[in-house]
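A quick write-up on the structure given underneath.
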Amino acid sequence: VGDRKDFDTETESVCPFCGVGCKVSLKVKDNKVKYVEGINGPANEGRLCVKGRFGFDYIHHKHRLTVPLIRRDDAPAKGLNVDPGDLSTHFREATWEEAMDLAAKGLIKLRDEDPKSVAGFGSAKCTNEEAYLFQKFIRQGFKHNNVDHCTRLCHASSVAALIENVGSGAVTATFNEVKNSDVAIVIGANPIENHPVAATYFKQFTKRGGKLIVMDPRGVGLRRFADEMLQFRPGADVAMLNSIMNVIVEEELYDSQYIHRWTENWEAEKAHLKDFTPEAMEKISGIDPEQIRRVARTFANAKAGIIFWGMGVSQHIHGTDNSRCLISLALMTGNVGKPGAGLHPLRGQNNVQGASDAGLIPMFLPDYQTVTSDDVRRSFTDVWGGGDFSNEKGLTVTEIVDQVYAGNIKGMYIQGENPAMSDPDVEHARDAFAKLDLMIVQDIFLTETANYADIILPASALYEKNGTVSNTNRQVQRVRPAVTPPGEAREDWAITVELGQRIGLPWDYKDVSEVFAEMKLNMKSLDNITWERLETETVTYPSLSPEDPGQAIVFGDGFPREEGRAKFTPAAVIPPDEAPDADFPMIMTTGRQLEHWHTGSMTRRSQVLDHVEPEANCSLHPKTLRRLGIQPGEMLRLSTRRGSIEIMARADRAIAEDMVFVPFAYVEAAANVLTNPAIDPYGKIPEFKFSAVKVEKIDQQ
Ligand code: SF4
């Protein structure tokens with residue numbers, strides 16, 4: 001870091017990694033970020049985790065893309081085969097004029113043949129304005145809704161259940177609201193590693209006597225602070241949650257007044273829960289009925305209880321059912337809409353909330369307004385200057401990849417996403433991308449996905465951008481450029497605008513603030529939130545007046561559903577898509593590590609983070625390792641029905657003896673070579689959290 005006083009400028013922005021949305025001050029000298037400090041944002045109050053504090057230098061990495069690139073005519077066949085240190089074997093440098101001209105002509109040609117032959121993936125790493133423009137690019141430019149982003153891979157099932165049952169896809173309370181709770185449930189989440197600053201609030205909550213209940217098949221770090229740890233069998237979430245609710249019903253611990261005033265379908269839920277006794281469910285979940293009773297009484301008797309969940313809940317074929325159970329648990333105990341109570345899916349990426357709000361999803365326009373409504377579409381096309389687009393819900397991430405593989409989608413525009421690492425059964429996705437006639441990738445590095453590109457457009461990192469982002473708390477914050485992008489790289493919104501103009505869209509944005517102003521015309525969530533306000537403050541939506549900093553808690557006076565009532569949707573037990581068997585006897589789950597972010601493209605290029613966690617590794621229980629004759633530090637082979645990887649073993653007593661945990665940040669041992677692409681029927685999210693796997697020792701000669 002050097003001399004902490006030795007900088008030229010200070011710029012306020014927001015951390016580019018997780019959905020906590022920590023505010024930062026960037027200290028810059030000679031157009032280089034020297035160090036980062038946490039400042040007083042509402043979500044972090046000056047705190048930062050290791051990624052926010054030390055993970056900034058990737059923006060100055062030698063692998064940054066600095067000029068547009070075009071695939072060479074004599075390049076080898078498309079595959080994961082480009083050396084990031086020498087791109088010249090596959091790509092030649094081009095001017096922006098040439099690259100944009102080629103991209104636009106290619107898109108127009110495909111559109112003339114069949115508009116549905118083009119699809120787009122936007123990014124939760126980009127700003128709200130960039131997400132809005134990207135979905136508009138596909139909808140206005142190609143007249144359909146085949147546009148999606150990585151929310152499909154993280155909380156799509158949570159959003160589906162929330163919209164269905166409470167009428168809104170966002171959290172009902174900020175995570176900071178835990179300060180007013182008596183009891184907090186954290187399920188299927190590992191905040192100490194994945195939302196580290198949020199985890200500090202959970203730890204403080206236990207220090208002042210709050211009761212923490214942690215539920216996870218893995219013994220996540222937060223268990224050390226928990227009053228109750230329920231380490232249930234993988235995939236048994238619904239059985240366990242229904243048994244907790246069965247106790248609340250049987251012992252009449254529910255809040256009759258709240259249920260009567262604010263909900264519907266209670267009788268059906270009550271009848272459904274009858275068979276889910278703790279004793280009957282123990283066989284599935286493995287949790288002692290006495291502990292289920294204790295937890296049910298603790299949560300139901302709390303003055304205020306709050307529920308947090310993560311991808312351990314959402315990434316299952318029954319992910320929507322898992323969230324339905326959590327919503328029902330909160331509703332039956334009257335734990336929505338009051339201080340210290342609520343439902344909070346901990347959102348993953350820094351702007352996955354904002355990108356979803358901005359309509360970067362195939363079934364909804366901005367503010368979750370359905371594409372099937374003629375009135376809704378008209379309200380947008382009126383603002384966009386006429387035309388119409390399909391009233392059919394579009395294809396999701398994995399459905400688009402399948403259509404690429406089948407040859408029906410021939411062109412893709414991918415902005416800042418890395419599906420050649422992040423998709424389930426990723427070799428299938430890579431094979432699909434190799435078939436595309438036209439692949440335009442806009443990014444800051446030659447990602448695994450960019451290996452397959454025909455045209456690469458060099459874009460900007462968050463610390464080089466102007467715009468807004470929205471965190472897991474519904475807090476809208478400004479990001480600002482602290483440094484200029486390297487070489488000829490440009491901000492993503494400006495690239496999309498020029499490409500839009502070149503395919504004939506009547507776009508005339510001069511500044512990103514004009515995009516924000518347009519968003520406000522059709523997004524009630526942004527009422528009272530202005531660009532000017534965001535210059536000096538963070539505003540939580542909804543904000544009820546120009547002076548209101550925003551509502552940390554919503555739905556105290558009813559839900560945005562018919563008659564203002566939330567709904568109980570009973571959930572049945574659905575087994576995981578593939579059961580362990582003689583060939584694949586163990587269970588694999590995947591996730592993140594503290595030091596690495598998602599597909600690793602940023603954090604593995606960050607010196608400190610890469611130094612702390614340099615090598616692909618997986619974790620197993622020490623007894624399992626002994627049984628297999630494997631020492632920690634040795635290499636092992638993991639195989640599923642999709643493929644195999646070789647990876648270093650680590651011992652971790654918190655992992656169940658029949659499980660293996662594999663982080664998904666490492667290309668050399670890509671977890672998603674192994675994962676199951678089966679999807680939840682509602683949220684269309686893949687079952688990343690459960691694959692039947694074989695673990696073998698590799699002979700080390
Ligand atoms: Fe960044 Fe999340 Fe860490 Fe905050 S908690 S510094 S937003 S990675």
Side-chain angles (χ1 to χ4, degrees), residues 1 11-27 33 35-59 123-128 150 154-155 171 174-176 178 186 189-205 220-222 308 310-311 344-355 461-463 465 467-480 482 538 540 591-610 612-613 663-665:
V1 169
T11 305
E12 288 189 11
S13 193
V14 178
C15 172
F17 295 109
C18 88
V20 171
C22 295
K23 279 194 81 171
V24 295
S25 171
L26 302 156
K27 317 294 181 185
V33 178
Y35 66 99
V36 175
E37 275 181 351
I39 54 173
N40 201 15
N44 64 317
E45 298 175 292
R47 307 166 204 196
L48 289 181
C49 78
V50 66
K51 285 191 288 289
R53 194 171 298 282
F54 298 111
F56 58 85
D57 52 333
Y58 71 89
I59 65 173
S123 175
K125 296 238 73 63
C126 290
T127 63
N128 291 328
C150 70
C154 65
H155 267 301
V171 301
T174 64
F175 66 75
N176 314 74
V178 74
V186 178
N190 187 10
I192 286 184
E193 303 213 18
N194 299 336
H195 300 85
V197 166
T200 64
Y201 290 86
F202 302 156
K203 292 180 207 168
Q204 282 179 329
F205 155 78
V220 293
L222 210 53
F308 300 98
M311 295 193 295
H344 190 122
L346 287 156
R347 305 307 304 261
Q349 299 248 27
N350 64 327
N351 197 35
V352 69
Q353 183 67 56
L462 198 70
Y463 289 159
K465 291 185 174 182
T468 66
V469 290
S470 306
N471 69 2
T472 189
N473 279 345
R474 297 181 265 106
Q475 287 156 340
V476 187
Q477 314 196 84
R478 274 291 302 279
V479 296
R480 298 177 179 83
T538 293
T540 306
R592 279 168 280 169
Q593 289 175 301
L594 174 63
E595 292 80 7
H596 284 306
W597 185 249
H598 283 211
T599 64
S601 58
M602 302 190 306
T603 51
R604 295 198 79 193
R605 291 183 173 94
S606 181
Q607 222 183 336
V608 171
L609 301 176
D610 191 51
V612 177
E613 199 59 274
F664 50 66

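Counting starts at 1 for both ligands and their atoms, following the listed order. If you read the sequence from its start, that first residue is 1, and numbering goes on from there. In this text, all values refer to a predicted model and were calculated from it rather than measured experimentally.
- Near G52, meaning under 4.0 Å from any of its heavy atoms, are these atoms of ligand 1: 6 (S).
- Residue-ligand proximity, F17 to ligand 1, at heavy-atom distances under 4.0 Å covers atoms 8 (S).
- Between E595 and K51, none of the side-chain N atoms (NZ, or NE/NH1/NH2) sits under 4.0 Å from a carboxylate O, so this pair counts as no salt bridge.
- Within the structure, ligand 1 lacks N44 among the residues with a heavy atom less than 4.0 angstrom away.
- A cation-pi arrangement, defined by a distance under 6.0 Å to the six-membered ring centre and an angle within 45 degrees of its axis, is present between R47 and Y201.
- Put simply, C22 stays out of reach of atom 1 (Fe) of ligand 1, with no N, O or S atom under 2.8 Å from it.
- The environment of Q607 atom CD is sparse: at most 12 non-hydrogen atoms of other residues, nucleotides or ligands sit within 6.0 angstrom.
- L346 contributes atom CG, which lies 11.5 Å from atom SG of C154 (distance to the nearest 0.5 angstrom).
- The C15 neighbourhood of ligand 1 comprises atoms 1 (Fe), 6 (S), 7 (S), 8 (S), with distances under 4.0 Å to a heavy atom of that residue.
- Heavy-atom proximity to G21, at under 4.0 Å, picks out these atoms of ligand 1: 7 (S).
- In summary, the atoms of ligand 1 found under 4.0 Å from a heavy atom of V197, numbered by their order in the structure, are 4 (Fe), 5 (S).
- Checked against the 6.0 Å centroid criterion, the rings of F202 and F308 qualify as a close aromatic pair.
- Classification of R592 and E193 as a salt-bridged pair fails, no side-chain N sitting under 4.0 Å from a carboxylate O.
- Against a heavy-atom cut-off of under 4.0 Å, C18 is close to the following atoms of ligand 1: 2 (Fe), 5 (S), 7 (S), 8 (S).
- The nearest N, O or S atom of C49 is closer to atom 3 (Fe) of ligand 1 than 2.8 Å.
- Heavy-atom contacts of K51 reach the following atoms of ligand 1: 8 (S) (cutoff under 4.0 Å).
- The closest donor-acceptor contact from the side chain of N471 to the backbone of V20 lies under 3.5 Å.
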